[in-house]
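Heads up, the thing below is written out as C-alpha cells.
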Amino acid sequence: MTRGSESGTLSTRPNDERYDPQRVEMKWYERWQQDASLYAAEPDSTKKKYYVLEMLPYPSGALHMGHVRNYAIGDALARYMWMNGYNVLHPMGWDSFGLPAENAAIQNNTPPRQWTLNNIANMKAQMKRLGFAYDWMREVTTCLPDYYRWNQWFFLKLFEQGLAYRKKSKVNWCPSCATVLANEQVVNGCCWRHEDTVVEQRELEQWFVRTTKYADELLRDLDELDGWPEKVRTMQRNWIGRSEGTLVDFKLDYGENHKGYGPGGSTIKVFTTRVDTIFGATSVQLAPEHPIVKDLATADPDLRAKVDQLISEQRKARETGDIGEIEKHGVFTGRYATNPFNSESIPVWVANYILMDYGTGAIMSVPAHDERDYEFAKKYNLEIRLVILPISTDLEETVAEPLLPYVGHDGMLINSGRYTGSECADAIKAMSAYAEENKFGKATVTYRLKDWGISRQRYWGTPIPMLYCEKDGIVAVPEKDLPVILPENVDITLTGGSPLGRVPEFVNATCPKCGGPARRETDTMDTFVDSSWYFYRYTDAHNDRAPFDGKTAQYWFPIDQYIGGVEHAILHLIYSRFWTKFMRDLGMITNDEPVERLFTQGMVIKDGAKMSKSLGNVVSPDEMVARYGADAARLNSLFAAPPDRDLDWQDSGVEGIQRFLGRVYRFIVRNASTANSAAPPTELPPQARSIQRKLHQTIKRVSDDFQGRWHFNTCVSAIMELVNTLYGAEEAIAQKLIPASFLAEVQRDLVLLLAPFAPYLAHELWEMLGEKGNLLKAAWPKYDAELAKEEELEIPVQVNGKLRSRIVVSADATEETVVARALADEKTRAAIAGKQIVKKIYVPGKLLNIVVK
RNA sequence: GCCGGGAUGGCGAAACUGGCAGACGCAGCGGACUUAAAAUCCGCAGGGCCGAAAGGCCUGUGGGGGUUCGAUUCCCCCUCCCGGCACCA
C-alpha cells in the first residue's frame, strides 16, 4: 500500500482537490509538537471547570483499537467543552508498575524499568500522532519515585490510622521456582513456567488495607452516583454484598473421649439471615477449613483424611470455577452442638458447600427452608423439620403444607416454642434481641467485601515502607526517609524467594527507633494502589512536598466525566472510592466521591470476536493511521457504533470515513475562496434557506448528543447529511444563488462541528477559511430553533393504521386544514371509498390516521 | 441458577416521549467523466406478487400472545447470543 506516497506526489500539483491525510496531519502534528502548553490548564475561578479523564493505560508496548476508541471519546468531549468556554483539564499518564514488565524481563532479558519506559515513549508518540489533546505537562508515570513515594506516604498514613495491618493469608507457591505466583501465573493449577509443577498454597504474613471500614458508606453512596451506569452500581452493590442477619453461638458438646477443646474453642459461631427458622435446625455444618474442624480432626485420623479430601476438592473447584456446581457432600464429625433456643443437641458435620471466607464459616442447617440444606439432608437422611408455614391471601393454601424446601419470607412460625404464631420478620427481630439479652448471639451485618490484600511478592512495584527490627518489631519508615527507592539491576530471572529479598543493600537497614539493624519489607504494593489516587496527582503533578495541594484538587474535583472499560467497574473503581473517602477523612480533600459521571465504552471486536494475537484479528492503530490517517481512524471508531456498545471493526468502514473526509475537504477547497466575512443577508433565497435549515438541525443534533446520550455515531451521520445537502446545492452555488457571506458562515460552522471528531482536518480547513485564531477557542456554533424549523411538512395519511398517502402542508397548518387536504387527496379518497369515517386522529406535524368501518 | 445488555436489510447501524421502519455509512447495481482504469460525481436499492411502464397490492424489526386508531417502542410468555456474579448461609 503506497497510497500515502502516491498522493503525496500528486499533492504537489497546484489546485489539487485530493485530500491527502498524511500531508495535512503531519503539518499540524509538527505545529502542535512545538507548543507543549497547547492544552495546558490552570485553576481559574472566572471559568467553569471541566475535568474529563480517560482511564490511564498500562504501557504494554503499543496502543490497541480499544485505546483509540476510549481516547477518541474523551478527546471529542474535551474539545467540545473547550469550544464551549470551559476550563478543561484533560491529562494522561501511565499505570506502569506490574507483572508484564517482569515477564518481559524474563523473556527478553530487558530490565523492567527500561522495558516500561521504552513502551511509554512509543505509546506517547502514538497518542500524539493520533492528535489527542492532553496536557502533557501533567503526565504521571506511576513507576517513577516522584509518584510512588506518595504511595508510600499514603501507606504510612493508613498504618497510622490503623487502616493498614498484617495478617496471615494464602498465596500461590511454585515449589520449582521457590517463589510466589500471581493468580494469573497459575495455569490449570500449575505454574506458568513449570507446567507439570502443581501450585501449592502457603500462608504468609501480608499487608491488608481495611477497606471494610468504609463498606457501609461505599454501599450507601452508590445511591447518589446517578451519573454512573446502573450496571456498574449493581456490580458494586453485589461485590460489597451487605447482608443483615444474626450470629448465634452453638456450644460444642463434650465428646466421649473429651480431652479439652483445641485452639478453635468450644463455641461454633453461626451466621444466618433466617434466625426465625432456627427451631428447624437439624445439624450444624462447618467449612472444611474451620478451626474447630482442625481441632476435631487432630484427634481423629479418619476424620482428618476425609476433611483433607474435602479441602482439596473445594480448592480445585474454586480454581476451575466449578464451585457451586459440585455435588454437596460431607462427613459427620461424631460430635454434637447445642441449639441455644431449644437446648437441642444436633449433629456437627463438615460439608464441602460451606465456605470459610464468608460469614463465620459455619451454618445451622435448616433443610425445610433452605435449598442447599435440603439437598444435603436428603442425601444423608437428616431430619427435615417444617417450622414456617406460608401465609397466602388464599386461605386454603395457608393451611396446606408447602412444597419443600419453602424459602419464602411471607410465613408464620410453627413448632417454634414461644415464637410459634409469629410472622417471619417479627420473629427475626425478637429472636435476635433474645439472643443478645442472653449473650449467645446478636443481630449483625456481614459483607462479602473483604479487606484489600496489597502485598505482592514481586519486584516491579512500590516498596512497602516498613522495617522489621528484632528489638522494636514492626517499624514504619519515617516520612523524611521517603521514598524507599526500588533498587535497579535486580536479577528477577533467578528463582527462589522474593526478588527484593536477594538484594542485601535493600534488605539491610537501620531501625529508626533503636538504631540497631533492621530488615526491610521486601513485598511491594498491588498496582491498584497506584490507580486509586492518580487522578488527584494530575491536579498538581510536580508537587514534591505532598501528593497534591488540597485547594487545587478542590478546584478540579470531582472528575466531571470518567471514561473507560467496564472491566474496571469493580476493583479499580471501588478502591478509588475508598481512597477518596480515606483522604477526605485525613482532611486532604472535601469531596466524598472521586467521579461524578462514569461512562463505560464497549469493546472493539473484529469478525465477532475479541481481538487477539492467537485469532490473528488484531487491527493495529499504527497501520490505520498510516493507511487512512488519524482522523479517519478516530472518526470511524466513533461512527461505527454507539460508544456504549461493542464495535465490530471493519476496514471498509474506515475507507468510507476517509471518503467522507475527502468530500468535506474538496467542498471547502472549492468554495473557500468565495467566503467573506460580511454578515449574511437576513432574507435568504430558498436554496440558501434550505441549507440554513439543515445546518441548524445539524447543530442541534450534534450539541444535544454531547449533552445527552453520547451517540456520536448519529452525530457523524448528521454531519454527513449536512455535507450531502451542500453537494446537492453545488449547482446553485455555481449559479451564485447562494450568498457568499452565507456560504462562508455554513462552511465555518461545518468545520466547527467537525472539530471534536476530526481535529486535524478541522484545523486545516479552519486555516483555509482564513481564520487566524485557535480553533479550540472558537465558540461552538449556536443553533436557532426558528431557523431549524421546516416550512412545509409532509404528513403521512393512514387509513385504519395503514399508510395510504402523504400530503404536503405548511408547517403551521391547522388540524382542519390537514383533514380537509387529506379528504381531498385522491389516494386517501380511494382508500376510504364506500366506508364510514369513525374517527380522525391527528398528531400535529406528524401524522393523520383516519379510522373507517 | 441470579442480575444486566442485546437480537432490525447482504453488513455496521438509525428511528430519543407509542406516530412514515431501515436515516447515515459499507458492500452491490446502473449512469456520467475517461482511450481505459483509478479517483470523483449522480442515481437505484427490505422481501414477495401484479404490471411493458408509471405505479399498485401484500408482507416485514428473534418467536408467540395482549393493550391501542396505531407497537421496533408498552405488558405477558418463550428462544438464542454477549457480559457479570454464583453453594454468600
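A, B, ... follow the sequence lines: proteins, then strands. Residue 1 opens every chain.
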What nucleic acid atoms does [X] come within less than 4.0 Å of, heavy atoms only: base, sugar-phosphate, or nothing?
X	result
A/Ile570	nothing
A/Tyr727	sugar-phosphate
A/Lys827	sugar-phosphate

Original post:
A/Phe279 ring centre to A/Arg385 NZ or CZ under 6.0 Å, with the angle to the axis within 45°?
Top reply: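 So A/Arg385 doesn't make the cation-pi contact.
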Original post:
Do the numbers put A/Arg448 on top of the ring of A/Trp239, so that NZ or CZ is under 6.0 Å from the six-membered ring centre and no more than 45° off the axis?
Top reply: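 The answer is yes, since A/Arg448 meets both limits relative to A/Trp239.
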Starting at atom [atom1] of [X], determine the distance to atom [atom2] of [N], rounded to an integer number of angstrom.
X	N	atom1	atom2	answer
A/Glu730	B/rU40	CD	C1'	11 Å
A/Asp644	B/rA13	CG	C1'	13 Å
A/Gln836	B/rC69	CD	P	17 Å
A/Glu567	B/rC85	CD	P	12 Å
A/Leu803	B/rC58	CG	C1'	14 Å
A/Ile841	B/rU68	CD1	C1'	9 Å
A/Trp349	B/rC87	CH2	P	22 Å
A/Glu655	B/rU40	CD	P	10 Å

**OP:** Classify the ring geometry between A/Phe376 and A/Tyr380 as parallel (under 30°), tilted (30 to 60°) or perpendicular (over 60°).
**Re:**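 A/Phe376 and A/Tyr380: tilted rings.
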**OP:** State the syn/anti category of B/rG9 according to its glycosidic angle, syn meaning within 90° of 0.
**Re:**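 Syn, angle within 90° of zero.
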**OP:** Quick one: look up who B/rA45 pairs with, Watson-Crick or G-U, both distances under 3.5 Å, and put none if it's unpaired.
**Re:** none
**OP:** Could you check which nucleotide pairs with B/rA52 in any of the strands shown, counting Watson-Crick or G-U wobble with both distances under 3.5 Å?
**Re:** none
Original post:
Taking C-beta and beyond as the side chain, do A/Phe250 and A/Thr267 meet within less than 4.5 Å on heavy atoms?
Top reply: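 Counting from C-beta outward, A/Phe250 and A/Thr267 never come under 4.5 Å.
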Original post:
How far, in whole Å, is B/rG22 from B/rU61 if one measures between their C1' atoms?
Top reply: 9 Å
Subject >> NZ/NE/NH1/NH2 to OD/OE distance under 4.0 Å, A/Arg242 and A/Asp216 >> reply: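 Result for this pair is yes, salt bridge flagged.
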